[in-house]
Amino acid sequence: MILQSERNDSFLEGFEHLDKTIALQSTGWLREFRLKNLSRFNEAGFPTLKDEEWKYLNLEPIISRHYHLTVSTPFTETAALKTYLNPAETNVVFVNGIFSENLSNVRDLPKGVVITTLTEAMTSHRADIENLLKKYPVAQANVFTTLNLALTGNGIFIKLTDKAINKKNIHIVHVTSVKEQNIISAPRSVILIGDSAEASVMETHISFSDDAVYFTNALTDILIAQNGILNYHKAQSESLKAFHIGTTRVWQEKDSNFNGFSFMVGGSITRNNLDVILNGEGASTRLNGLYCTNGTQLVDNHSAVDHREPNGTSNQLYKGILNGASRAVFNGKIFVKPIAQKTNSYQLNKNLLLGKEARVDTKPQLEIGADDVKCTHGATIGQLNEDEVFYLQSRCIAKSDAVKMLSKGFVDDIIDTITDESIHAKLNKLLEPTFAAL
Amino acid sequence: MSKANEKMLNEKTIQKNTLSSREYKYGFFTDIEMERIPKGLNEDVLRLIVEKKGEPEWMLNWRLKAYRHWKTMQEPHWPNFEYGPIDYQGLSYYNAPKKRTDNLKSMNEVDPELVKTFEKLGIPLSEQKRLSGVAVDAVFDSVSVGTTHQAELAKVGVIFCSMTEAIKEHSELVKKYLGSVVPYTDNFFAALNAAVFSDGSFCYIPKGVKCPLELSTYFRINAAESGQFERTLIVAEDSSYVSYLEGCTAPMRDENQLHAAVVELITLDNAEIKYSTVQNWYSGDKQGKGGIYNFVTKRGKCLGKNSKISWTQVEAGSAITWKYPSVILQGDNSVGKFYSVALTNNRMQADTGTKMIHIGKNTKSTIISKGISADESNNNYRGLVKILPSADGARNYSQCDSMLIGNKCRANTFPYIEVKNSTAVMEHEASTSKINAEQLFYLRSRGLDMEGSVSLIINGFCKDVFKELPMEFAVEAVRLLEMKLEGSVG
């Protein structure tokens, strides 16, 4: 216990007067909420490898460093960012965790769509935010979520009122600039989808330099009301020396539909938690995931789908390509509560090992308390089929090209489930370095 | 359907109906004069056990080391079930029938009361009635009361005897292998077992011998306020083969009794051990009162090249089953297999599965696990497949299916898959569902009653495992499941 709190101290050294900062930045209930989370974080200590949830992820490289809170700095990589952004979409850009009005184009929003900074929403949509925070018991959040809640003064708030439909993709971009080293940012997004409303949101965590060392501790909260539909894509292409720990919490009401995609290619150590609670009858959720790693990268995907009401459906497919000495971890949990009869739940994790020293730890997990259910899970780990490689070679295709083609096929299987062309193109662009390295 | 078949079906239904009210049929208690040491656990108890069994000095030292290590350990509580505290000082660690004399010349000298007990359990010990083709070592509470067919086995060089006898007669072999697969430091219950184990079976198959008989041990807990701690060690030398069976029962009691056994298997080059268990310890009553805590460490080591170990288990008893029969695949090309049916009903709890540790090149493992949970029971599959960097070309296939009967039971699956070698290929699949309503309807529309239909479907569900069991055991296992599930469906 003593050891752990010492560790916390050193981790927080760069911003030891955080409580004062919080007191300055926020007021009223928010200040209280942030301070409560801060003290909880200070007490909790970081999990170790003995902690079942963190069994395969050594946090030592992340927590042994000192970080500084982000401060506003001039952004010089506008050109690189512009090539990634699609001006036809609604873009919301954060640089080093701070909202950038200049780079964003939040305008011409259809009726019933609200996009504002979280700071503003705290006053204008206070009831919505309080209602959201009430859903998650503070004591149950993991330590990084708690840290995010303590640090967040900034973030984005998106709300679609009942029956509002926003066809245009909303793209939230978190860019970390290279100018500053060892910064910690706590991106926070809140997405509320009203009754029968529909939206498409993409979140990208990106850096244009692979040398930058920083720590992104992200949290996204999603609430989908009855009959609501949300397509949500998360793309992570951080600097290869950066650390990314992100949690996405999804709360679904009756007959709502969540279509999620987690795309992880960057970062030195990545942990991506996706927790979905199907709290209404007939809700359905799809979680797809793709991770491509190389070198000594580590990507740890944790998903948890909690079926709390009957007639729910969940579908998960996570695929990964591992090159070099990289590591992937997958832990998928499916809970079916005794009342959640007629649940259909599927989960599959497929890993392609290309690197000699690549490692995979996978743990698909079912906890079923209702009997009238259909739940399956599966996991595979393997290499490219030698016969297929040979076939292509016999057709005068160089071995390296054959490997690329077959790997592309492996990836396309899941990338092609994305119907939005702009998102499809963006993810393919982020995949380019992966295929160049094969 | 032919007349003959119809008649058979009808007979079966009638037979089943008469069975339907049947309770646990092995729940009786044999009133026999026992020699038992006082309750409690300390170093003097270990010395007393050693003295009673006439063990050499090195065994005492080994036990003391284990005991001292055990004292530093904490009882683990990570599995997905709950149980009250175990009072280790409230148990008697040695219970033996009094009339037993050492070195019996023939089975006819065994106390007739004991012979009767085993006959009642369906295990005839006397020479005339013995099961053909199966040699039995009968363990009653803390000690082995007799081993059949020893002379016949000795002709081909196979040693099959109680652990006590082995420590005296074959100390070199025991010294070499005891604790080499499950060291006393392995886990809490293995350490406890190493300190206090009172008997068990020892089996040694020499080079090139295919054991002519099925070997088996039958475990019976009889005494109250006691635990059973036995240790089984099977060594298969180069190119040998043995099939080993194990069965267990206990009287019905309101208290929980602890059974903490250790089983170690070792195969050398080209050898094969096939280990089958039909576990039917008393599982407690409908309210979950009483029953055996079955906390067992079972592990095999494929030490030699091309060797093979297969575990087949039918777990139908015990208040709590907590075991993971494992295989360490050390020799190149070695093969590990695990076939399991775990049935829980009433308030039974099970956390069982396997571990396959791939170390050697081109090692292969197969896991087939079928879990059936009914009533208010809790059934967990927990397994580990670990492929180490040295295991080039390792291959694993796992399949774990669960079936739920009733809406108050739970079925959970926790597979851990750790792959550290990029040439490995592994597949894992699992499913959870209830009995298929269409299949049930089909069978019922063909004139089968509800229980008959369910039994047929369950049989099909478990077929992959049952076909691995020796014939007599397979029949027994099918009957056992039918009996257990009576009244759960409908």
Side-chain angles (χ1 to χ4, degrees), chain A residues 50 52 55-56 310 322-386, chain B residues 78-80 371-389 392-437 488-489:
Chain A
K50 284 196 172 159
E52 188 69 22
K55 193 173 153 73
Y56 299 111
L322 288 94
N323 211 339
S326 63
R327 280 187 59 194
V329 179
F330 175 76
N331 176 244
K333 295 192 199 74
I334 296 174
F335 302 101
V336 180
K337 295 275 146 60
I339 191 176
Q341 297 289 359
K342 309 265 182 209
T343 290
N344 283 347
S345 190
Y346 306 99
Q347 183 188 65
L348 184 59
N349 173 228
K350 289 185 162 189
N351 295 282
L352 180 57
L353 298 181
L354 295 179
K356 257 213 153 84
E357 289 156 77
R359 258 187 73 177
V360 176
D361 298 300
T362 170
K363 190 181 161 213
Q365 188 174 326
L366 297 174
E367 297 190 31
I368 315 287
D371 67 328
D372 194 2
V373 298
K374 263 190 214 136
C375 298
T376 64
H377 69 202
T380 63
I381 298 170
Q383 300 77 36
L384 288 177
N385 188 329
E386 273 176 36
Chain B
W78 49 262
N80 191 21
I372 302 162
S373 51
D375 303 328
E376 292 175 51
S377 63
N378 172 6
N379 201 332
N380 300 282
Y381 168 83
R382 191 186 300 274
L384 169 71
V385 176
K386 193 169 193 167
I387 296 172
L388 294 172
D392 287 343
R395 185 81 177 82
N396 164 266
Y397 173 77
S398 309
Q399 188 188 347
C400 341
D401 296 323
S402 307
M403 189 182 275
L404 293 152
I405 302 171
N407 54 8
K408 283 183 184 158
C409 50
R410 292 193 63 87
N412 305 325
T413 322
F414 306 96
Y416 294 74
I417 300 156
E418 301 176 7
V419 177
K420 299 188 171 79
N421 184 306
S422 64
T423 59
V425 177
M426 68 91 16
E427 294 157 90
H428 169 96
E429 52 182 326
S431 72
T432 305
S433 60
K434 72 169 194 171
I435 282 196
N436 188 319
S488 296
V489 189

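Lettering of chains follows the sequences in order, A, B, ..., and the numbering in each one begins at 1. Only a predicted model underlies this, so the values are computations on that prediction, with no experimental measurement involved.
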[atom1]-[atom2] distance between [X] and [Y], expressed to the nearest 0.5 angstrom:
X: A:Asn331; Y: B:Phe414; atom1: CG; atom2: CZ; answer: 10.5 Å
X: B:Thr413; Y: A:Leu366; atom1: OG1; atom2: CG; answer: 4.0 Å
X: B:Ile417; Y: A:Thr380; atom1: CD1; atom2: OG1; answer: 9.5 Å
X: A:Thr362; Y: B:Tyr416; atom1: OG1; atom2: OH; answer: 12.0 Å
X: B:Ser402; Y: A:Asp371; atom1: OG; atom2: CG; answer: 13.0 Å

Please rank [options] by heavy-atom pairs under 4.5 Å with chain B and give me the top one.
options: A:Arg327, A:Glu52, A:Gln341; answer: A:Glu52
options: A:Asp372, A:Asn349, A:Ile334; answer: A:Asp372
options: A:Lys363, A:His377, A:Glu367; answer: A:His377
options: A:Gln365, A:Lys356, A:Arg359; answer: A:Arg359

Just wondering, do A:Ile381 and B:Ile387 contact through their side chains at under 4.5 Å, heavy atoms?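 SC-SC contact between B:Ile387 and A:Ile381 ruled out.
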How about [X]: does its [atom1] atom have over 12 heavy atoms from other parts shown lying under 6.0 Å from it?
X: B:Lys408; atom1: NZ; answer: no
X: B:Lys420; atom1: NZ; answer: yes
X: A:Glu357; atom1: CD; answer: no
X: A:Lys350; atom1: NZ; answer: no

Chain B contact via [X] - which portion, at a heavy-atom distance below 4.5 Å:
X: A:Gln347; value: neither
X: A:Ala370; value: backbone
X: A:Lys55; value: side chain

Which heavy atom of B:Ser422 sits nearest to which heavy atom of A:Leu353, and what is that distance?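 Shortest heavy-atom separation between B:Ser422 and A:Leu353 comes out as CA-CD1, 3.5 Å.
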Using every non-hydrogen atom in the two residues, find where B:Arg410 and A:Gly369 come nearest and quote the distance to one decimal.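 In this case the closest contact between B:Arg410 and A:Gly369 is NH1-CA, 3.9 Å.
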Taking heavy atoms only and a threshold strictly under 4.5 Å, list by residue number the residues of residues 423-434 of chain B that touch chain A; give 'none' if the list is empty.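 Hits under 4.5 Å: B:Thr423, B:Ala424, B:Val425, B:Met426, B:Glu427, B:His428, B:Glu429, B:Ala430, B:Ser431, B:Thr432, B:Ser433, B:Lys434.
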With sequence neighbours excluded, residues passing ring-ring contact (aromatic ring centres under 6.0 Å, His included) with A:Phe330: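 Counting only residues at least two positions away or on another chain, A:Phe330 forms a ring-ring contact (aromatic ring centres under 6.0 Å, His included) with A:Tyr318.
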If you count heavy-atom pairs under 4.5 Å between each of B:Asn421, B:Asn412, B:Asn396 and chain A, which one has the most?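 Between B:Asn421, B:Asn412, B:Asn396, the count favours B:Asn412.
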